[in-house]
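Here the structure is a predicted model, which means the values were calculated and not measured. Ligands are counted one by one from 1 in listed order, and the atoms in each one are counted from 1 as well.
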Amino acid sequence: MKAVILAGGMGTRLRPLTYSMPKPLVPLVDRPMVMHIIDSLPKEVDMVILAVSYMKDRLEEYFDENDCGRKVVLVNEDTPLGTGGALKNVSSHIDGAFFAFNGDVLTSLDLANMLAKHRSRKGIGTISLWDVDDPSAFGVVGTTADDRIDVFQEKPKRGDAVSNSINAGVYIFEPEIFEHIDDGVVSLEREVFPRILGKGLYGHRFEGYWVDCGTRESYLRAQSTLLSNGLAAIHECTFKGSVKMPGNNYLEGARFEGCTVGPNAVVGKGAAVMEGAEVSDSTVMEGAIVGEGAIVKGSIVGPGVRIEKGQIVGSTIIA
Ligand code: GDD
Ligand code: MG
């Protein structure tokens with residue numbers, strides 16, 4: 001079975017970080033975002049197809065250098081084709097029902113279970129669904145009593161949404177879906193879904209967690225979710241003086257001197273947090289330095305960035 005990962009977006013909401021790396025390669029706790037998806041695939045998925053465009057060379061390089069235990073094929077779009085166009089662009093690799101993923105969602109969804117349900121319903125597609133308080137930033141669905149999707153609204157105005165159930169960005173489709181995607185730039189959510197509602201498009205609800213990592217706030221929420229779901233760890237760090245580490249953190253190959261890290265801190269290889277500094281609800285990526293007495297809160301600090309002595313960094317992305 002094949003899995004397609006839509007990985008060609010420009011990651012505009014994670015700028016300036018995504019000026020130097022594509023969103024799927026943005027580190028999230030212990031590995032790039034896209035690897036959390038690949039590692040969650042059921043055994044029967046033997047090929048991963050990445051639909052790429054923005055910074056495809058960086059993705060190519062990553063998969064050349066890292067074996068992820070499955071065959072990985074990158075399919076490029078010279079100009080981004082949208083989520084539907086990107087899917088159609090990989091159709092020559094598809095030979096049966098397949099998984100498709102937005103490359104920036106993280107879930108506890110049991111994919112084997114979703115597949116069993118999809119097969120039993122015999123529809124053209126199954127969309128994973130998750131309930132949120134404010135659905136206006138997402139695709140919103142209306143469903144019938146037997147979980148058939150009868151309304152799909154992409155990013156409706158607040159108040160216009162038919163429910164609080166959103167498209168969680170994990171799909172299973174039959175190859176028949178390609179017959180409903182025109183050539184060129186096509187949005188799966190705005191053009192294709194509304195058109196195939198009568199063809200057996202079903203919703204699949206699940207328990208556990210779901211986070212979209214496409215904005216600073218949601219990225220940090222995803223980080224904290226992963227840290228409290230078993231990924232908190234300390235590997236090969238050096239500590240000098242009294243270092244306080246409240247809450248769940250992931251610290252790898254970094255140096256800490258008389259500082260406070262945590263809760264919800266991730267500090268990467270070769271990074272350093274100096275005397276009197278505080279890092280909480282933040283990521284400090286590889287090789288970045290947090291100077292003496294600096295405070296980093298609710299922020300993403302990109303690779304190699306230097307936070308000066310006494311600098312205060314709050315609710316921002318620095319790269
Ligand atoms: N290959 C390719 N080409 N991929 C693309 C393109 C493109 O032109 N445009 C977007 N993508 C990829 C992005 O990289 C991302 O992984 C995924 O498609 C979804 O795009 P986003 O830009 O992240 O969309 P969104 O977050 O605003 O909304 C989508 O996700 C929500 C859940 O997180 C929609 O699918 C919503 O309906 C959904 O609720
Ligand atoms: Mg997104």
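Protein N/O/S atoms found under 2.8 Å from the Mg ion (ligand 2), listed by chain and residue number: D104 OD2.
Of the protein's heavy atoms, E189 OE2, 3.3 Å lies nearest to atom 34 (C) of ligand 1. Regarding atom 29 (C) of ligand 1, its nearest protein heavy-atom neighbour is N102 ND2, 3.5 Å. Protein heavy atom closest to atom 33 (O) of ligand 1, with residue, atom name and distance, is D212 OD2, 2.7 Å. Scanning the protein for heavy atoms near atom 24 (O) of ligand 1, the closest one is R13 NH2, 4.0 Å. Of the protein's non-hydrogen atoms, E77 OE1, 2.8 Å is the one closest to atom 3 (N) of ligand 1. When only non-hydrogen protein atoms are considered, atom 23 (O) of ligand 1 lies nearest to D104 OD2, 2.9 Å. For atom 38 (C) of ligand 1, the closest heavy atom belonging to the protein is N167 O, 3.3 Å. Ranking the protein heavy atoms by distance from atom 11 (N) of ligand 1 puts G9 N, 3.6 Å first.
V185 belongs to a hydrophobic cluster whose other members, connected by ILVMFWY side-chain contacts under 4.5 Å either directly or through intermediates, are L81.
Ion pairing between a basic and an acidic side chain is recognised when a charged N comes within 4.0 Å of a carboxylate O; D146 and R121 show no such pairing. For the pair K71 and D46, the salt-bridge criterion is not met [side-chain N within less than 4.0 Å of a carboxylate O].
Note that OG of S40 and CZ of F101 are 5.0 Å apart. Values are rounded to the nearest 0.5 Å.
Checking side-chain atoms of R216 against main-chain N and O of G298 turns up a donor-acceptor pair under 3.5 Å. Checking side-chain atoms of Q153 against main-chain N and O of V162 turns up a donor-acceptor pair under 3.5 Å. T126 contributes no side-chain N or O that, together with a main-chain N or O of G203, makes up a donor-acceptor pair within less than 3.5 Å.
Between the side chains of Q223 and T283, at least one donor N or O lies within less than 3.5 Å of an accepting N or O.
The one candidate from I37, V45, V170 that meets the side-chain contact (heavy atoms from CB on, under 4.5 Å) condition with L111 is V170.
Contact of the K117 side chain with the F206 side chain is not registered, since no non-hydrogen atoms from C-beta on lie closer than 4.5 Å. The shortest distance between side-chain heavy atoms of K88 and D183 falls below 4.5 Å. Using a 4.5 Å heavy-atom threshold, the side chains of I127 and F193 count as touching. Under the 4.5 Å side-chain criterion, counting only non-hydrogen atoms from C-beta, I300 is not in contact with V26. Using a 4.5 Å cut-off on side-chain heavy atoms (C-beta onward), N66 and R31 make no contact.
Atoms of ligand 1 found under 4.0 Å from any heavy atom of L81, numbered from 1 in the order shown, are 8 (O). Interface of P80 with ligand 1, defined as ligand atoms under 4.0 Å from a residue heavy atom, comprises 8 (O). Listed by atom number, the atoms of ligand 1 under 4.0 Å from T83 heavy atoms are 10 (C), 18 (O). Which parts of ligand 1 touch K23 is read off a 4.0 Å heavy-atom cut-off, strictly below it: atoms 23 (O). In the vicinity of V105, heavy-atom distances shorter than 4.0 Å reach the ligand 1 atoms 33 (O).
Checking only distances, I166 never comes within under 3.5 Å of ligand 1, N or O to N or O. By the 3.5 Å distance cut-off applied to N or O atoms, G169 is not counted among the residues near ligand 1. For ligand 1, the polar-atom distance check against F152 finds no nitrogen or oxygen pair separated by under 3.5 Å. Of the N or O atoms in G82, one or more lie within a sub-3.5 Å distance of an N or O in ligand 1. For the pair G103 and ligand 1, the shortest N or O to N or O distance falls below 3.5 Å. Remark: ligand 1 and G139 share an N or O pair separated by less than 3.5 Å (distance only, no angle test). Inclusion of W210 in the set of residues having an N or O under 3.5 Å from an N or O of ligand 1 is not warranted.
When E154, R190, Q153 are checked for heavy-atom proximity to atom 37 (O) of ligand 1, E154 turns out nearest.
Under a 4.0 Å heavy-atom criterion, G214 is not in contact with ligand 1. K155 counts as a contact of ligand 1, since one of its heavy atoms falls under 4.0 Å from the ligand. Taking a 4.0 Å cut-off on heavy atoms, A86 registers as neighbouring ligand 1.
Contact record, L87 with A100: CD1-CB, 4.2 Å, taken as the closest heavy-atom pair.
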Could you give the side-chain donor-acceptor pairs of residues 257-278 under 3.5 Å, partners two or more places apart or in another chain?
unit_1	atom_1	unit_2	atom_2	d
E257	OE2	R255	NH1	2.9
N264	ND2	D281	OD1	3.1

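Under the 6.0 Å cut-off for aromatic ring centres, F173 and H118 do not qualify, their centroids lying 6.0 Å or more apart.
For atom 20 (O) of ligand 1, the nearest protein heavy atom lies 4.0 Å or farther away.
Of the heavy atoms in L188, none comes closer than 4.0 Å to ligand 1. Counting heavy atoms under 4.0 Å from ligand 1, residue Y171 touches it through the side chain alone.
Residues satisfying the salt bridge (charged side-chain N to carboxylate O under 4.0 Å, His left out) criterion with D134, sequence neighbours excluded, are R158.
Ring pair W210/F138 is perpendicular by interplanar angle, where above 60° counts as perpendicular and below 30° as parallel.
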